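Notes to accompany the following structure.
Below, chains carry the letters A, B, ... as their sequence lines are ordered, and counting in each starts from 1. Keep in mind that this is a model prediction, so the values were computed, not measured.
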Number of protein chains: 2
Amino acid sequence: MNDRTVISFENIKIACSGCNLVTLCLPMGLDPDDVEQLNKIIKRSRPLHRGDHLFMESDRFNYLYVVKTGSVKTYAPNEDGGEQVLGFHLPGELIGLDAIEEGRHHCSAKVLETSAVCEIPFSQFVELSSTIPSLQHQMYRLLSREISHDEEMLALLGKKNAEERLADFLLSLSQRFKSRGFSPFDFYLSMSRHEIGNYLGLAVETISRLFTRFQDEGLLKVERKHIQLVNIEGLHVILRREQREENRRQIT
Amino acid sequence: MNDRTVISFENIKIACSGCNLVTLCLPMGLDPDDVEQLNKIIKRSRPLHRGDHLFMESDRFNYLYVVKTGSVKTYAPNEDGGEQVLGFHLPGELIGLDAIEEGRHHCSAKVLETSAVCEIPFSQFVELSSTIPSLQHQMYRLLSREISHDEEMLALLGKKNAEERLADFLLSLSQRFKSRGFSPFDFYLSMSRHEIGNYLGLAVETISRLFTRFQDEGLLKVERKHIQLVNIEGLHVILRREQREENRRQIT
DNA sequence: AGTGAGGGTTGATCCAGATCAAGCTAGTTT
DNA sequence: AAACTAGCTTGATCTGGATCAACCCTCACT
């Protein structure tokens with residue numbers, strides 16, 4: 001992960017059964033035969049480049065996408081050219097789940113760095129899942145996970161202050177890198193300060209100041225996009241300490 | 001809807017096929033035979049009273065719930081006794097979807113007024129849905145809708161100011177009452193100012209001041225829990241006008 | 001009718017984080 | 001290597017909404 005420009009193009013086209021994401025992704029917990037059936041309907045894209053869109057808001061919904069390598073951001077554009085960043089998606093994460101109900105995308109998805117994705121034709125998927133109960137159940141679980149995650153973000157935006165938000169964000173990234181076999185201490189951000197701020201409901205300047213402060217406090221080292229978490233426990237303490245203060249002040 | 005204390009207890013036990021929520025709820029779009037199968041596994045509760053819990057955070061997940069009459073709030077309690085209100089649920093809305101993945105509830109659900117709910121044993125539901133493709137698809141849609149809704153809330157908490165949030169909240173309630181056959185102009189709030197503020201990421205005092213201001217501006221009449229929307233278009237303008245201003249200022 | 005408690009309202013003050021304004025840096029283009 | 005550009009940082013100032021502090025209803029219970 002130290003040299004993030006090295007991307008293994010050989011395994012982009014690899015089948016689900018041989019994909020190292022099999023424990024995170026849709027095939028999780030499926031029988032090999034079922035994985036193979038799923039594998040057959042999945043299309044694997046050529047590598048996409050920074051700025052490419054998987055889909056745009058209001059596009060017709062035909063595919064679910066899974067990040068295979070790289071990272072993708074989803075965002076809801078609003079009339080005036082502004083946007084709300086809804087999420088940053090790492091390998092193994094499904095994109096487009098909010099489009100199922102209306103058959104039309106509610107957000108746009110833009111590639112943050114050279115990335116590969118798997119495309120799952122949704123109508124074929126629905127057919128297949130009606131014949132494979134464990135696939136259906138796995139899909140329920142993934143949809144449910146997305147709901148849980150969004151609800152955690154609601155609590156973050158509704159209640160946490162700026163430093164808690166950034167600490168939470170960094171710890172979440174760290175955790176997700178870890179479960180994908182990358183270093184949880186040393187990674188590169190594929191998104192800009194601006195995008196982080198937008199995602200966390202904060203101004204760019206606030207993000208910048210917080211990075212500086214966290215570095216001064218010895219919590220991390222930051223050099224542009226390169227982040228090294230020096231004191232992960234310290235970041236956890238930020239979340240917990242503020243909770244104890246709230247305790248005293250009796251805030252809801 | 002003007003006298004909200006009148007609740008028809010006769011039809012609480014009514015089957016799905018005769019329930020007036022059939023167009024909003026799980027059975028939407030199902031064949032009558034399939035509705036009947038679904039109906040068989042659903043339990044209908046005795047009326048619940050203000051303050052009763054459907055479930056508490058970290059309870060094992062066994063049932064999905066649908067509000068039949070009345071209203072329910074879901075909230076994520078945090079260690080210190082504070083909470084984040086996640087949603088207010090009206091008849092026909094499913095509760096507990098965030099618990100599917102881990103088999104454990106991530107939030108608590110508390111009844112806001114005398115209410116009736118349907119309980120759907122999830123394991124039986126999963127079995128049934130694997131034999132009824134249209135039920136499975138409907139479940140995907142409802143999960144997807146929940147994700148869309150949460151994402152809209154993320155945009156609200158991330159970008160909108162206090163008056164936009166309250167206007168949005170009132171318009172959403174109005175819309176939901178309307179699609180349930182109640183007046184979209186004249187309704188009672190079943191939640192406190194405190195709960196509204198918590199939900200919208202604002203202080204109680206701010207909610208109170210905004211109600212007063214909206215009333216002074218002739219947008220609505222408010223008398224404790226009783227709300228009459230006098231100028232719905234005016235509320236829409238609040239959302240749009242602020243967007244135009246942002247336009248000028250070039251905010252993201 | 002009196003008392004108490006849990007909302008709700010209103011006013012005064014405060015502050016975290018936004019906004020405004022420069023300047024800086026690393027890449028890219030010419 | 002000069003000129004541009006986009007992204008980032010830093011400082012100064014401003015402000016929307018939080019917080020603090022009374023006070024006021026309404027209703028439930030004696």
Side-chain angles (χ1 to χ4, degrees), chain A residues 5 50-51 73 82 84-85 112-113 156-167 169 188-216 220-227 238 242 245-252, chain B residues 5 49-51 73 82 84-85 110 112-113 156-167 169 188-216 220-227 238 242 245-252:
Chain A
T5 63
R50 176 169 177 76
K73 89 167 175 185
Q84 169 69 40
V85 173
L112 289 171
E113 62 190 314
L156 180 139
L157 291 177
K159 295 281 170 300
K160 298 190 180 181
N161 67 21
E163 68 176 4
E164 292 171 283
R165 291 182 199 195
L166 187 61
F169 173 71
Y188 285 83
L189 300 173
S190 57
M191 69 294 288
S192 68
R193 303 284 193 269
H194 190 93
E195 288 166 322
I196 296 172
N198 186 307
Y199 178 59
L200 298 176
L202 299 169
V204 203
E205 295 93 330
T206 304
I207 301 298
S208 185
R209 282 185 243 272
L210 283 172
F211 270 130
T212 307
R213 203 169 97 206
F214 282 178
Q215 177 160 257
D216 291 348
L220 48 76
K221 283 182 193 165
V222 51
E223 196 199 348
R224 311 210 105 230
K225 307 273 192 191
H226 183 195
I227 305 287
I238 286 181
E242 309 269 329
E245 280 173 24
E246 279 184 13
N247 217 349
R248 276 172 236 138
R249 282 192 252 136
Q250 188 80 341
I251 290 169
T252 308
Chain B
T5 62
H49 300 290
R50 177 171 174 74
K73 88 166 175 185
Q84 169 69 41
V85 174
K110 192 191 267 193
L112 289 171
E113 62 189 316
L156 180 138
L157 291 177
K159 296 279 169 301
K160 299 191 179 178
N161 68 20
E163 69 176 3
E164 292 171 283
R165 292 183 198 195
L166 188 61
F169 173 72
Y188 284 84
L189 300 173
S190 57
M191 70 295 287
S192 68
R193 303 285 193 270
H194 190 93
E195 288 166 323
I196 295 172
N198 186 306
Y199 178 59
L200 298 177
L202 299 170
V204 203
E205 294 92 330
T206 304
I207 301 298
S208 185
R209 283 185 244 272
L210 282 173
F211 270 129
T212 307
R213 203 169 98 206
F214 283 177
Q215 178 161 256
D216 291 348
L220 47 78
K221 283 184 193 165
V222 50
E223 196 200 347
R224 313 211 101 227
K225 307 274 190 189
H226 184 196
I227 305 288
I238 285 182
E242 309 269 329
E245 281 174 24
E246 279 183 14
N247 219 350
R248 276 171 236 140
R249 281 191 252 137
Q250 188 80 339
I251 288 172
T252 308

* Hey, does the side chain of T212(A) come within less than 4.0 Å of dT10(D)'s phosphate (OP1/OP2), counting only N and O? -> yes
* To do: Map V204(A) and R209(B) onto DNA chain C by nearest heavy atom, then report which one ends up closer to the 5' terminus.
  => R209(B)
* For R224(B), what residues pass the side-chain hydrogen bond (donor to acceptor under 3.5 Å, both in side chains) criterion, not counting sequence neighbours? -> none
* Taking atom OG of S208(A) and atom CG of L202(A), what is their separation to the nearest 0.5 Å? -> 12.5 Å
* Structure fact -> Rounded to whole Å, the CG-P distance (N198(B) to dG7(C)) equals 13 Å
* Asked: How is S192(A) classified with respect to the nucleic acid when contacts are heavy atoms under 4.0 Å: base, sugar-phosphate, or nothing?
  -> sugar-phosphate
* Quick one, give me the B/S/- string for nucleotides 21-27 of chain D, reading 5' to 3', where B means a protein heavy atom under 4.0 Å from the base and S means that only happens at the primed atoms, P, OP1 or OP2. => -------
* How would you label the contact of G201(B) with the nucleic acid (heavy atoms, under 4.0 Å): base, sugar-phosphate, or nothing? -> sugar-phosphate
* Asked: Would you call R165(B) and L157(B) a side-chain contact if the rule is heavy atoms closer than 4.5 Å?
  -> yes
* Any salt bridge (charged side-chain N to carboxylate O under 4.0 Å, His left out) involving residues 194-207 of chain B? Give me the pairs, sequence neighbours left out, ordered by first then second residue. => K73(B)-E195(B)
* Asked: In terms of side-chain heavy atoms of T206(B), which of dG7(D), dG17(D), dT10(D) is nearest?
  -> dG17(D)
* Asked: Can you check side-chain contact (heavy atoms from CB on, under 4.5 Å) on L156(B) and L200(B), steps first, answer last?
  -> CA-CA 8 Å; L156(B) 180 138; L200(B) 298 177; 4.1 Å; yes
* Structure fact -> Atom CZ of F214(B) and atom P of dT9(C) are separated, to the nearest Å, by 14 Å
* Contacts of type salt bridge (charged side-chain N to carboxylate O under 4.0 Å, His left out), residue R50(A), not counting sequence neighbours -> none
* K225(A) side-chain N/O to dC8(D) phosphate OP1/OP2 under 4.0 Å -> yes
* L210(A) CG to E164(A) CD distance, which is reported to the nearest 0.5 Å -> 11.0 Å
* Structure fact -> Per atom distances to the R193(A) side chain, the nearest of dT9(C), dT9(D), dT19(C) is dT9(D)
* Out of dC8(D), dG8(C), dA18(C), whichever nucleotide has its closest atom nearest the side chain of A203(A) -> dA18(C)
* Counterpart residues, side-chain contact (heavy atoms from CB on, under 4.5 Å), relative to V222(A) (two or more places apart) -> R193(A), F211(A), Q215(A), L220(A), I227(A)
* Hey, does L202(B) reach any base, or is it just sugar-phosphate, or nothing, if we go heavy atoms under 4.0 Å? -> sugar-phosphate
* To do: Using five base pairs at each end, measure the axis-to-axis angle across the helix from dA1(C)-dT30(D) to dT30(C)-dA1(D) and round it to 10 degrees.
  => 40°
* Side-chain donor or acceptor of K225(B) paired with backbone N/O of S190(B) under 3.5 Å -> no
